Asker: 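Dropping a structure here in C-alpha cells format, bear with me for questions.
What you are looking at is a predicted structure, and each value in this text was computed from that prediction instead of being measured.
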There are 2 protein chains.
Amino acid sequence: MRGSIPAATIARLPLYLRGLAELEPGQPTCSSDQLASSAGVNSAQVRKDLSYLDPPGVRGVGYNAAALRDLLRRELGLTRRYCVVIAGAGNLGRALTVYPGFEESGFDVVALVDSDQGKAGTTINSVVVKAIDELESIVAKESVDIGVIATPAGAAQEVADRFVGAGVRSILNFAPAVLKRPEGVEVRRVDLAGELQILAYHLSQAR
Amino acid sequence: MRGSIPAATIARLPLYLRGLAELEPGQPTCSSDQLASSAGVNSAQVRKDLSYLDPPGVRGVGYNAAALRDLLRRELGLTRRYCVVIAGAGNLGRALTVYPGFEESGFDVVALVDSDQGKAGTTINSVVVKAIDELESIVAKESVDIGVIATPAGAAQEVADRFVGAGVRSILNFAPAVLKRPEGVEVRRVDLAGELQILAYHLSQAR
DNA sequence: TAGATTGTTAATCGATTAACAATC
DNA sequence: TAGATTGTTAATCGATTAACAATC
C-alpha cells in the first residue's frame, strides 16, 4: 500500500529504526512483535504502520531486517545527511551542538549563532559560534536544511522569521513559544518545562 | 463538567498557561480566540479543553484571566514545587540542570548524578554532582518527585529501574530508549534525534 | 501438516471542530 | 437591542487494535 502516511505513523518510524538497530547482529528477520516491544506499541500498530511502506515482510517468517532498515531510512529521507544550524549559544544550544545522537543519525551541526557578539569566534567541539548577523549567509553558503532554536522565548519568533527568510523549511524549536510560520515550513516543538508540568499533573492526580 | 480529562487536553494546558502569561498585564479577561492563537490551536479546542475544568468563563465576555491562570496551575498541580534529580552529567544533563525554565515553572533540580566517579563533587550552578550510588539516598532524603534521564541509551533502563526502586513515579527520558516500567510510573520521552528525523521526512517529501 | 506471522479489515475508540443556542 | 463570546452538541475525522484469512 502507498499514499499519504499518517503523521502518527511517521513519528513512530524512528522508533522502529532504533528497534532494528538493537537487534542481535546476525538476526536476519524480525517480527512485528519484536518491533512492537522495542518501540512500546501494539504489534498490530507496527504492521499497520509498515503496511504504508510496502514492507519486506513474509507471512510466517517476519520482516527482512536489513531490507526493513533500508526501507525506513529511505522513507525518512535518511539516505543523505542534513545541515543544521543552532541559534542560541546558551547551555542548551551548546549541549545540542555536541549531542552525539545528531551526528549518528545523519545531522551535521555546521554552526551555532548567537546575538551576543562576545561569543562569536569561540568554538564548541570544532563548531564555530558566529554572530547572528551571519545567519543568512551561513544558511546560503552551507545549504542549511534545519534550524534549531535554543534561544529565550522572546527571541524565538524573530530567529524563526530569519531562518524562514533565508530559505530554511524545517525548524526544531526548544523555546517556550508557539511560532507563526508560512505554509510549507515545518516546525516541531520540544517543550522542556511543559513536559515536567505534564508529569506534575500525573503526580498530583496520583493520590 | 468534571471527570477524566483526555491526555491530549492535559498536554495543552501548559500552552494555555503560557498564553495567559503573555497577556497585557492589566487585561482582566481573555477570549478562547486569544488563547487559541497563542497556543496555535482551534478556539473550539480551547473551549472544549477548558470545559473539563469548570472554567471561569462568562458568555459574551471571556475568561477571567487571573482566575483561569490559578485554575490551570491548580489543575496541573503547580501549587507546589517539585524536586528533580537528573541522571547523566554529560553536556545535556548539565544544560538541563541550569535550564531556567525548570525553576521558573516550579521544578528544582536538587542533584545531578553520574556513574563517572571523577565528576562527583563538582558543581554546576550550585547543583552538586554526586556518584550514582547515592541516587537512592538522595531520592529518599530530598523526597525527589521526578527523575530525568540524560544518560546514554545503554544506561537508561538501569537508571530508570533505580529511580523506580527508590520510589520515583515520574520520569522524563531523553535517552533514545523505550523504558519498561511498572504500572503507576509515568514516563515521558523526548527523542531529540527522532525529532530531526521527522523533519527530515518532511524535507524529503517536500519536492 | 502444524506453527508462525504478515497484511488487512472492520470495529472501536478518542480527538477535533463546525455550528449554534445560551447568555452576558 | 446588538454584539460578543462561552459551553455543548453532534458530526467528522483520524488513530488504534482485535481478529482472522492468507500464506510462508
Side-chain angles (χ1 to χ4, degrees), chain A residues 1-16 19-20 23-24 27-69 71-72 75 178 189 198 201, chain B residues 1-16 19-20 23-24 27-69 71-72 75 178 189 198 201:
Chain A
M1 206 248 247
R2 282 315 308 253
S4 106
I5 304 178
T9 292
I10 297 298
R12 279 186 295 265
L13 300 186
L15 292 180
Y16 302 147
L20 285 170
L23 247 40
E24 295 299 315
Q27 195 175 327
T29 67
C30 162
S31 69
S32 57
D33 244 345
Q34 282 183 293
L35 286 169
S37 82
S38 67
V41 303
N42 184 292
S43 73
Q45 182 79 268
V46 172
R47 294 194 298 278
K48 179 81 170 166
D49 284 341
L50 296 182
S51 75
Y52 293 105
L53 315 177
D54 294 322
V58 179
R59 289 166 144 101
V61 176
Y63 299 97
N64 178 311
L68 182 56
R69 170 180 177 277
L71 175 63
L72 289 173
E75 193 56 42
V178 173
R189 230 172 79 79
I198 294 166
Y201 170 81
Chain B
M1 205 245 251
R2 281 318 308 252
S4 106
I5 303 178
T9 292
I10 297 298
R12 279 186 296 264
L13 300 185
L15 292 180
Y16 302 148
L20 285 169
L23 249 38
E24 295 298 314
Q27 195 176 326
T29 67
C30 162
S31 68
S32 57
D33 243 344
Q34 283 183 293
L35 287 168
S37 81
S38 67
V41 302
N42 184 292
S43 72
Q45 181 79 269
V46 172
R47 295 194 296 278
K48 179 79 169 171
D49 284 341
L50 297 181
S51 75
Y52 293 104
L53 316 176
D54 295 321
V58 179
R59 289 165 142 101
V61 177
Y63 299 96
N64 179 312
L68 182 56
R69 171 180 177 278
L71 175 63
L72 289 173
E75 192 57 40
V178 173
R189 230 171 79 79
I198 294 165
Y201 170 80

Asker: Could you check how far CG of B/D54 sits from P of D/dT6, rounded to whole Å?
Answerer: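 In whole Å, D/dT6 P and B/D54 CG are 16 Å from each other.
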Asker: How many Å lie between OH on A/Y52 and P on D/dG14, as a whole number?
Answerer: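 In whole Å, D/dG14 P and A/Y52 OH are 11 Å from each other.
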Asker: Any side-chain heavy atom of A/R69 within less than 4.5 Å of one from A/L23?
Answerer: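 Side chain of A/R69 against side chain of A/L23, heavy atoms only: no contact under 4.5 Å found.
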Asker: With heavy-atom distances below 4.5 Å as the criterion, would you say the side chains of B/I5 and B/L13 are in contact?
Answerer: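 Result no, sub-4.5 Å side-chain heavy-atom pair not found.
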Asker: Do you know which two heavy atoms are closest between A/C30 and A/A65, and how far apart they sit?
Answerer: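 Looks like CB-CB, 4.5 Å.
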Asker: Starting at the 5' end of DNA chain C, write a dot or bracket for each base, bracketing those in Watson-Crick or G-U wobble pairs whose two distances are under 3.5 Å and using | for partners on another strand.
Answerer: ..||||||||||||||||||||||
Asker: Which whole-number value in Å describes the distance from A/L68 CG to C/dT5 C1'?
Answerer: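 So the two atoms are 14 Å apart, to the nearest Å.
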Asker: Given atom CD1 of A/I10 and atom C1' of D/dA15, what is their separation to the nearest angstrom?
Answerer: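 After rounding, the gap between these two atoms is 14 Å.
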Asker: Separation of B/L50 atom CG from D/dG7 atom C1', in whole Å?
Answerer: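 Rounded to whole Å, this separation is 11 Å.
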Asker: Are the side chains of B/L68 and B/L72 in contact, using a 4.5 Å heavy-atom criterion?
Answerer: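 Contact flag for B/L72/B/L68 side chains = yes.
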Asker: Within the sub-3.5 Å range, which N or O atoms of nucleotides 17-24 of chain D have a protein N or O partner, and how far apart are they?
Answerer:
from: D/dA18; atom 1: OP2; to: A/N42; atom 2: ND2; distance (Å): 3.4
from: D/dA19; atom 1: N6; to: A/R47; atom 2: NH2; distance (Å): 3.2
from: D/dA22; atom 1: N3; to: A/R59; atom 2: NE; distance (Å): 2.9
from: D/dC24; atom 1: O4'; to: A/R59; atom 2: O; distance (Å): 3.1

Asker: Calculate the interatomic distance between A/N64 atom CG and C/dT6 atom C1'; express it in whole Å.
Answerer: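 Roughly 14 Å, once rounded to whole Å.
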Asker: Between A/L35 and A/L50, is there a side-chain heavy-atom distance shorter than 4.5 Å?
Answerer: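 Yes - at least one pair of side-chain heavy atoms lies under 4.5 Å apart.
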Asker: Is the shortest side-chain N/O distance from A/S32 to OP1 or OP2 of C/dT6 below 4.0 Å?
Answerer: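 So the side-chain polar atoms of A/S32 do come within 4.0 Å of the phosphate oxygens OP1 or OP2 of C/dT6, strictly under.
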Asker: When you compare the side chain of A/V46 with that of A/V41, does any pair of heavy atoms fall below 4.5 Å?
Answerer: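 Yes, at least one pair of side-chain atoms sits under 4.5 Å.
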Asker: Please determine, by modelled atom types, if B/S51 and B/R47 share a side-chain donor-acceptor pair under 3.5 angstrom.
Answerer: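 There is no such pair between these side chains.
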Asker: Could you tell me how far apart A/L53 (CG) and C/dT6 (P) are, to the nearest whole angstrom?
Answerer: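 So the two atoms are 15 Å apart, to the nearest Å.
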Asker: Could you check if a side-chain atom of B/T9 sits within less than 4.5 angstrom of a side-chain atom of B/E75, using non-hydrogen atoms only?
Answerer: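 Not touching, per the 4.5 Å side-chain cut-off.
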Asker: To the nearest Å, how far apart are A/D33 CG and C/dA4 P?
Answerer: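 My rounded result for the distance is 12 Å.
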Asker: Examine D/dT5: is either OP1 or OP2 under 4.0 Å from a nitrogen or oxygen in the side chain of B/Y63? Give yes or no.
Answerer: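 Answer no for this pair, as no side-chain N or O of B/Y63 is under 4.0 Å from OP1 or OP2.
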Asker: Under 4.0 Å between a side-chain N or O of A/S51 and OP1 or OP2 of C/dG7?
Answerer: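 For C/dG7, OP1/OP2 do not have a side-chain N/O of A/S51 under 4.0 Å.
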Asker: Is there a side chain to side chain contact (heavy atoms under 4.5 Å, CB included) between A/N64 and A/V58? Walk through the geometry before answering.
Answerer: CA-CA 8 Å; A/N64 178 311; A/V58 179; over 6 Å; no
